[in-house]
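See below for the structure under consideration.
Note that this is a predicted model, so its numbers are computed, not measured.
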Amino acid sequence: MLFRASAETVAVMALDGSLFLHLNEQFFHLHGRRPGPSEARSWERSIPVLAAALNDAGLGAVEVILEYALPLNSKRADAVLAGVHPLTGEPSYVVVELKQWSQAEPDEDDTALCRLDGYARPVLNPIEQVRRYCEYIANFNGALAEHADRISGVAYLHNATEFGVGGLRAIECDARGQLYTAERRGEFLDYLRSKLSNVTPGAAAADEFLSGKPVPSKQLMSVAAEEVRKCGNFTLLDEQQVAYRMVLNAVRKAKQSDHKEVVVVTGGPGTGKSVIALSLLGELYRQGFPALHATGSQAFTTTMRKVAGARKREVKDLFKYFNSFMAAEKNALDVLICDEAHRIRETSANRYTRAAHRTGKAQVNELIDAARVPVFLLDEHQVVRPGELGTVAEIEAAAAAKGLVCRVVPLDSQFRCGGSDAYLRWVVRLLGLAQGGPVVWDPDDRMQLRVADGPEEMESFLEGCRAQGYEARITAGYCWPWSKEPKPGEPLAADVVINGWARPWNLRGDRGIAGAPPSALWATDPAGFGQVGCVYTAQGFEYDWSGVIIGPDLVWRRGRWITDRSASKDPVFKKSTPDADVDRLIRNTYKVLLTRGMVGTVVYSTDPETQEKLRELAGTEVEAAVV
């Protein structure tokens, strides 16, 4: 939060101008930058209106919490009003979303969205916005864990008339989603009086609200347990079951004897790490243990939310990012499941991080501190960016520095690449990630490997696979620059150009354009076939057939692989990145790309000498393939 005080104090400070000076300074302290003009303008124009309404309603003793940061989230509610319910005498909280809009209308296709003049895209209907804020706070603020009925929400459009925004009520209103305009200010005051007492001050209720631990509520865990169960019946085998049991045993031990330990699960592509993660989540929620899932990948987190939260949107909030735990209370969770833990960074801070959170603390320490049993699932050969530190050695060292036991469970059996251990061995030897050097592929009955003469042939072959019901994608090394997002109505730019063949990269953003899916859904949306994927959108996913274009950043010369950093267009490689690190990361990138296919892989190199080496090692050409 940026500020809290009684409604009476807020009104006085707004009048003399000291409130806005305080908000500006506090914002700079927390975020390391000044607020934008629109944000500062909204404080100056909207907060006094809210404070005046509270005081006119006789609620000057109600506590006003301004810019409340949602637990484990970067979103902020404009205001939370804390007080006592006039009928029950229990704490009562009202989330208020303030809008300066004078006119808005519901989107013609979806009333949960609305259209504003000057906005190219629709925005969330404020009724839906404040309702979701209420649901999220009820699910993650420990003060409301057993009292979800204590929170309600309202959008106050204080510049609007009913004629200008009345259509927004086409969406259903309920206790957590109401809307009032300047024209209905009297009704707004009555609403506030119905939720907050004009007799008892709200300071104690605000204290309780702000001290609530950020953990998932039991109700949410119950819903999540059922939703995860519906995702599929996961059968864990051998060491998968060992890892699963070790985590559950550690959780029980932690509860019984104030014990804390770290569990690391290692395994290559398709060894079932994410299946273990979902199985653990379901079981932990069923048993009532607070747990969260976290990754360092937007694409992977988005997909996990889609898989586990398809029917219950609140379940999606259980899937976080590694940098969500900078300010988390120590051991607030029983379990934190860190999936794709090879994506762990040196620190969680970035240019948007609040100054107060720029502690320099290592991200791995933040994750370990957040739970009594932190669980890390990783594949060290999938480290593909400078600054990714997710290795067993790093985690063991961090645990040892804290005097904690660290148990490591290796997963050997794998289910990706058709379950072909032979193919995975061929890939790591091909790329020099295992000793012995490249060997000729010895076909087995689990995985198919083909070499295409060019991208046209690769694409044509994969189209044929898709026609037979298989999923397919084309990926490439990051050797072509990425065009800017096109303007509305324009086609995607053809970024990856090889001779006469050209295709766009997958999208960068979180919205679809020109029929292409958002970046996070490129690997799972069938429309992703029209674009070339990169390692950052492919990592963590699988599809039946994988087409891989090896660019000029990795070439075969004089009996060995040579990495050419000058051929890479990946902006994460800085001048300061050592050559040895670039070499390792480029090899790991192609290891990721070459292990996405479940049925088969088609490979092509843009370099003639490398292409000849691939023909020698891979053997079968595309035209001989039988799917």
Expected output: side-chain [X] to main-chain [Y] donor-acceptor under 3.5 Å:
X	Y	value
Ser211	Asp207	yes
Arg345	Ala362	no
His342	Asp379	yes
Asn141	Phe209	yes
Tyr285	Ala291	yes
Trp522	Gly528	yes
Lys260	Ala371	yes
Asn139	Glu135	yes
Thr589	Leu585	yes
Asp544	Glu471	yes

Under 3.5 Å, is there a donor-acceptor pair between the [X] and [Y] side chains?
X	Y	value
Ser348	Asn323	no
Ser566	Asp564	yes
Tyr536	Asn506	no
Asp339	Thr295	no

Non-hydrogen side-chain atoms of [X] and [Y] separated by less than 4.5 Å:
X	Y	value
Gln363	Phe325	no
Ile65	Tyr93	no
Leu70	Arg76	no
Val335	Val375	yes
Phe376	Leu367	yes
Leu210	Arg4	yes
Arg176	Val130	no
Gln26	Leu2	yes

For Arg508 and Glu485, run salt bridge (charged side-chain N to carboxylate O under 4.0 Å, His left out): C-alpha distance rounded to whole Å, both residues' side-chain angles, the deciding distance at 0.1 Å, then the answer.
CA-CA 8 Å; Arg508 299 193 215 192; Glu485 193 173 283; over 6 Å; no
Charged N to carboxylate O under 4.0 angstrom, [X] versus [Y]?
X	Y	value
Glu340	Arg343	no
Glu366	Lys361	no
Arg34	Glu25	yes
Asp334	Lys255	yes

Once salt bridge (Lys or Arg N to Asp or Glu O under 4.0 Å) is applied, do any residues pair with Glu394, and if so which ones, sequence neighbours excluded?
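Checked Glu394 against salt bridge (Lys or Arg N to Asp or Glu O under 4.0 Å); zero matches.
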Can you name the salt bridge (Lys or Arg N to Asp or Glu O under 4.0 Å) partners of Arg565, sequence neighbours left out?
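Once residues adjacent in sequence are excluded, the partners of Arg565 under the salt bridge (Lys or Arg N to Asp or Glu O under 4.0 Å) criterion are Asp579.
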Are Tyr590 and Asp553 close enough, and set up right, to give a side-chain hydrogen bond (donor to acceptor under 3.5 Å, both in side chains), and what steps lead you there?
CA-CA 10 Å; Tyr590 284 111; Asp553 58 345; 2.6 Å; yes
With sequence neighbours left out, write down each residue that passes ring pair (Phe, Tyr, Trp, His ring centres under 6.0 Å) with Phe322, or none if nothing qualifies.
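Phe322 satisfies ring pair (Phe, Tyr, Trp, His ring centres under 6.0 Å) with no residue once adjacent residues are dropped.
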Just to verify, what does Trp505 make a ring pair (Phe, Tyr, Trp, His ring centres under 6.0 Å) with, not counting sequence neighbours?
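Testing Trp505 for ring pair (Phe, Tyr, Trp, His ring centres under 6.0 Å), a comparison that skips the adjacent residues, returns Tyr478, Trp482.
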Applying the side-chain contact (heavy atoms from CB on, under 4.5 Å) criterion to Val427, which one of Thr595, Thr601, Val592, Leu433 satisfies it?
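Testing each of Thr595, Thr601, Val592, Leu433 against Val427, the sole residue satisfying side-chain contact (heavy atoms from CB on, under 4.5 Å) is Thr595.
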Partners of Lys330 by side chain to side chain donor-acceptor pair (under 3.5 Å), sequence neighbours excluded?
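With sequence neighbours excluded, Lys330 shows a side chain to side chain donor-acceptor pair (under 3.5 Å) to no residue whatsoever.
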Who are the side-chain contact (heavy atoms from CB on, under 4.5 Å) partners of Glu346, not counting sequence neighbours?
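side-chain contact (heavy atoms from CB on, under 4.5 Å) check on Glu346 returns Leu389.
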